[in-house]
Amino acid sequence: MKIALVTGGNKGIGLEIAKKLKKLGYKPVINYFSDDVAAKKACEEFDFCSVKADVSKEEEVNKMVSFIIEKFGKIDLLVNCAGIALKQKVLLDVSYEEALRVVNVNLMGTILVSKAVLENMIANRSGIIVNISSVYGEKGGSCEAVYSATKGGINAFTKALSKEVADANIRVNAVAPGFIDTDMNAHITKEERESFCKELPLKRIGTTEDVANAVCFLVKNTYLTGAIIPVDGGMQC
Ligand code: NAD
């Protein structure tokens, strides 16, 4: 049985990725930070295993990874999907604490969970890591400067780590979504959505399925590493 750890897997994009990975033959272990009810529901409905842990805390991450390896013996695939965004605002209005939290969850979380699974993957001389970045990681989003910085960091981390671990037969790639319909964007009004869609070449907001399909493509294609795949409807920012 192949084991996949999906961080932020109890809802939104992460849940859809876990569902699609199951269809590819993986046993998904979903990590999450809040909403025990959603995690329990996903486990019951889809036969997942769940682990609650804050990806920004090294001790919790290491405990989570040790638990999975003790239970299943290995981790074949890691999808770093856990992430947060602040309400859109200019940098001058972002507090030190808010900025640090976004950096710690999005960027440090990706680094810490990757580091924690690597020992097992290197010992097995096999592994796949897929990071969920954002279109803003390359293009930058106005009033999303800190979030954009974390996703740009994830892009650089993906490329650098892919070179470092290729010898151990470990591939590291990323998906960079545009505007996807999840709770992260629940605050955006109907009017804002409509005007945003008009600007988009593909004229629609993305779905969690669009992102999950790209993750599966990266998982299946064994000749891809260090790639950042945009799934953004042609968004120019
Ligand atoms: P969401 O709010 O629906 O889900 C976020 C997930 O991250 C939840 O499962 C939550 O429990 C988890 N999480 C948050 N903080 C955590 C922490 N400290 N430790 C562990 N888990 C934590 O959002 P989503 O839209 O599904 O976002 C998933 C990923 O996709 C994020 O990395 C986000 O930046 C990225 N993304 C989303 C969009 C979009 O438009 N929705 C666009 C580009 C990138």
Side-chain angles (χ1 to χ4, degrees), residues 5-20 28-43 48 50-65 78-88 98 100-113 116 130-141 144 146-155 157-158 174-188 192-193 196-197 200 204-212 214-215 228-233 235 237:
L5 168 59
V6 182
T7 71
N10 66 339
K11 58 197 273 253
I13 293 171
L15 177 60
E16 191 63 41
I17 292 169
K19 281 156 62 178
K20 288 235 186 279
V29 179
I30 54 168
N31 150 264
Y32 68 103
F33 178 63
S34 55
D35 203 340
D36 298 307
V37 175
K40 192 165 177 271
K41 187 167 173 272
C43 289
F48 296 162
S50 71
V51 193
K52 189 173 186 174
D54 182 342
V55 294
S56 72
K57 304 261 162 57
E58 188 178 30
E59 212 182 302
E60 291 188 32
V61 166
N62 290 344
K63 245 172 99 175
M64 165 176 75
V65 169
L78 163 66
V79 182
N80 280 307
C81 186
I84 55 170
L86 297 172
K87 198 165 176 282
Q88 287 190 328
E98 285 174 324
L100 196 62
R101 183 72 187 147
V102 177
V103 170
N104 282 343
V105 173
N106 295 4
L107 182 55
M108 279 311 292
T110 298
I111 293 170
L112 290 175
V113 186
V130 181
N131 298 322
I132 305 303
S133 176
S134 161
V135 64
Y136 288 162
E138 194 204 329
K139 294 176 178 164
E144 303 253 19
V146 179
Y147 178 84
S148 301
T150 65
K151 298 299 187 176
I154 288 173
N155 289 353
F157 177 72
T158 300
V175 176
F179 189 133
I180 309 298
D181 204 6
T182 69
D183 287 354
M184 193 173 264
N185 293 317
H187 61 282
I188 295 171
E192 284 168 337
R193 278 164 187 259
F196 178 78
C197 280
L200 265 183
R204 71 167 174 90
I205 285 171
T207 65
T208 55
E209 260 204 305
D210 293 322
V211 181
V215 171
I228 318 284
I229 309 283
V231 179
D232 58 10
M235 190 171 164
C237 287

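Along the sequence shown, residues carry numbers from 1. Numbering of ligands and ligand atoms starts at 1, following listing order.
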S.K.: Name all residues meeting the side-chain hydrogen bond (donor to acceptor under 3.5 Å, both in side chains) criterion together with N155; count only those two or more places apart in sequence or in a different chain, and write none if there are none.
M.R.: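 Checked N155 against side-chain hydrogen bond (donor to acceptor under 3.5 Å, both in side chains); matches are S133.
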
S.K.: Please report the interatomic distance OG1(T7) to CG(L78), rounded to the nearest 0.5 Å.
M.R.: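 If we round to the nearest 0.5 Å, T7:OG1 and L78:CG are 6.5 Å apart.
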
S.K.: Taking a cutoff of less than 4.0 Å between a non-hydrogen atom of the residue and any ligand atom, is N10 in contact with ligand 1?
M.R.: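 The answer is yes: ligand 1 sits under 4.0 Å from a heavy atom of N10.
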
S.K.: Which of the numbered atoms in ligand 1 are under 4.0 angstrom from any heavy atom belonging to N185?
M.R.: 39 (C), 40 (O), 41 (N)

S.K.: Could you measure the distance from the OG atom of S34 to the CG atom of N10? Nearest 0.5 Å is fine.
M.R.: 6.5 Å

S.K.: Specify the protein heavy atom at minimum distance from atom 19 (N) of ligand 1: its residue, its atom name, and the distance to 0.1 Å.
M.R.: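 Scanning the protein heavy atoms, the shortest distance from atom 19 (N) of ligand 1 goes to V55 N, 3.0 Å.
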
S.K.: Among protein heavy atoms, which sits nearest to atom 6 (C) of ligand 1, and what does the distance come to when rounded to 0.1 Å?
M.R.: G8 CA, 3.8 Å

S.K.: Step by step, work out the side-chain hydrogen bond (donor to acceptor under 3.5 Å, both in side chains) result for N131 and N80.
M.R.: CA-CA 5 Å; N131 298 322; N80 280 307; 2.9 Å; yes

S.K.: Are the charged groups of D210 and R204 less than 4.0 angstrom apart, N to O?
M.R.: yes

S.K.: Using the ring of each side chain (for Trp, its six-membered ring), is F179 parallel, tilted or perpendicular to F196, with breaks at 30° and 60°?
M.R.: tilted

S.K.: Mark the output for S56 as yes if a heavy-atom distance to ligand 1 is under 4.0 Å, and as no if none is.
M.R.: no

S.K.: What protein heavy atom sits nearest atom 44 (C) of ligand 1, and how far away is it?
M.R.: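 Ranked first by proximity to atom 44 (C) of ligand 1 is S133 O, 3.2 Å.
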
S.K.: Looking at ligand 1, does G109 have a heavy atom less than 4.0 Å from it?
M.R.: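 Contact absent.
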
S.K.: For atom 25 (O) of ligand 1, what's the nearest protein heavy atom and its distance?
M.R.: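 Nearest protein contact, heavy atoms only, for atom 25 (O) of ligand 1 is T182 OG1, 2.5 Å.
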
S.K.: In this structure, does ligand 1 have an atom that sits under 4.0 Å from one of the heavy atoms of A38?
M.R.: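 Flag not set, A38 not near ligand 1.
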
S.K.: With a cutoff of 4.0 Å, is E60 in contact with ligand 1, counting heavy atoms of the residue only?
M.R.: no

S.K.: For N31, take its heavy atoms, then give the atoms of ligand 1 lying under 4.0 Å from any of them.
M.R.: 20 (C), 21 (N)

S.K.: Which of the numbered atoms in ligand 1 are below 4.0 angstrom from a heavy atom of I13?
M.R.: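 That gives atoms 25 (O), 26 (O), 30 (O), 37 (C) of ligand 1.
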
S.K.: Does ligand 1 have a heavy atom under 4.0 Å from the side chain of I180, from its backbone, from both, or from neither?
M.R.: both

S.K.: Write out the residue and atom name of the closest protein heavy atom to atom 17 (C) of ligand 1, then the distance separating them to 0.1 Å.
M.R.: F33 CB, 3.4 Å

S.K.: Between K63 (side chain only) and E58 (backbone N and O only), is there a donor and an acceptor less than 3.5 Å apart?
M.R.: no

S.K.: Distance under 4.0 Å to a non-hydrogen atom of K11: what atoms of ligand 1 satisfy this?
M.R.: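 Answer for ligand 1: 1 (P), 2 (O), 3 (O), 4 (O), 8 (C), 9 (O).
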
S.K.: Got the closest protein heavy atom to atom 36 (N) of ligand 1, with its distance?
M.R.: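 Answer, as residue, atom name and distance: Y147 OH, 3.5 Å.
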
S.K.: Taking 4.0 angstrom as the limit and counting only heavy atoms of C81, give me the atoms of ligand 1 inside it, by number and element.
M.R.: 28 (C), 29 (C), 31 (C), 32 (O)

S.K.: Are the side chain of N62 and the backbone N or O of E59 linked by a donor-acceptor pair below 3.5 Å?
M.R.: no

S.K.: Which distance, rounded to the nearest 0.5 Å, do you find between the CD1 of I205 and the CD1 of I180?
M.R.: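 So the gap between those two atoms works out to 9.0 Å.
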
S.K.: Numbering the atoms of ligand 1 from 1, which are under 4.0 Å from a heavy atom of R101?
M.R.: 18 (N)

S.K.: List the closest protein heavy-atom neighbour of atom 43 (C) of ligand 1: residue, atom name, distance to the nearest 0.1 Å.
M.R.: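 Going by distance alone, atom 43 (C) of ligand 1 is nearest to P177 O, 3.4 Å.
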
S.K.: Tell me if a side-chain donor or acceptor on N31 pairs with a main-chain N or O of K52 at a distance below 3.5 Å.
M.R.: no

S.K.: Do D183 and K11 meet the salt-bridge criterion of a basic N to acidic O distance under 4.0 Å?
M.R.: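 Looking at D183 together with K11, the answer is yes, because their closest N to O distance falls below 4.0 Å.
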
S.K.: Number the atoms of ligand 1 from 1 as they appear, then name those within less than 4.0 Å of a heavy atom of F179, with their elements.
M.R.: 40 (O)

S.K.: Within ligand 1, which atoms have a heavy atom of G12 less than 4.0 Å away?
M.R.: 3 (O), 26 (O)

S.K.: Give a yes or no answer on whether the side chain of E60 reaches the backbone of A53 with a donor-acceptor pair at less than 3.5 Å.
M.R.: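 No; zero donor-acceptor contacts below 3.5 Å.
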
S.K.: Any non-hydrogen atom of K151 lying under 4.0 Å from ligand 1?
M.R.: yes

S.K.: Give the residue, atom name and distance (to 0.1 Å) of the protein heavy atom nearest atom 27 (O) of ligand 1.
M.R.: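 Sorting protein heavy atoms by distance from atom 27 (O) of ligand 1 puts M184 CE, 3.9 Å first.
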
S.K.: Nearest 0.5 Å, please: how far is CD in E144 from NZ in K139?
M.R.: 15.0 Å

S.K.: Heavy-atom count around E98 CD within 6.0 Å, excluding the residue itself: above 12?
M.R.: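 Result for CD/E98: enclosed.
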
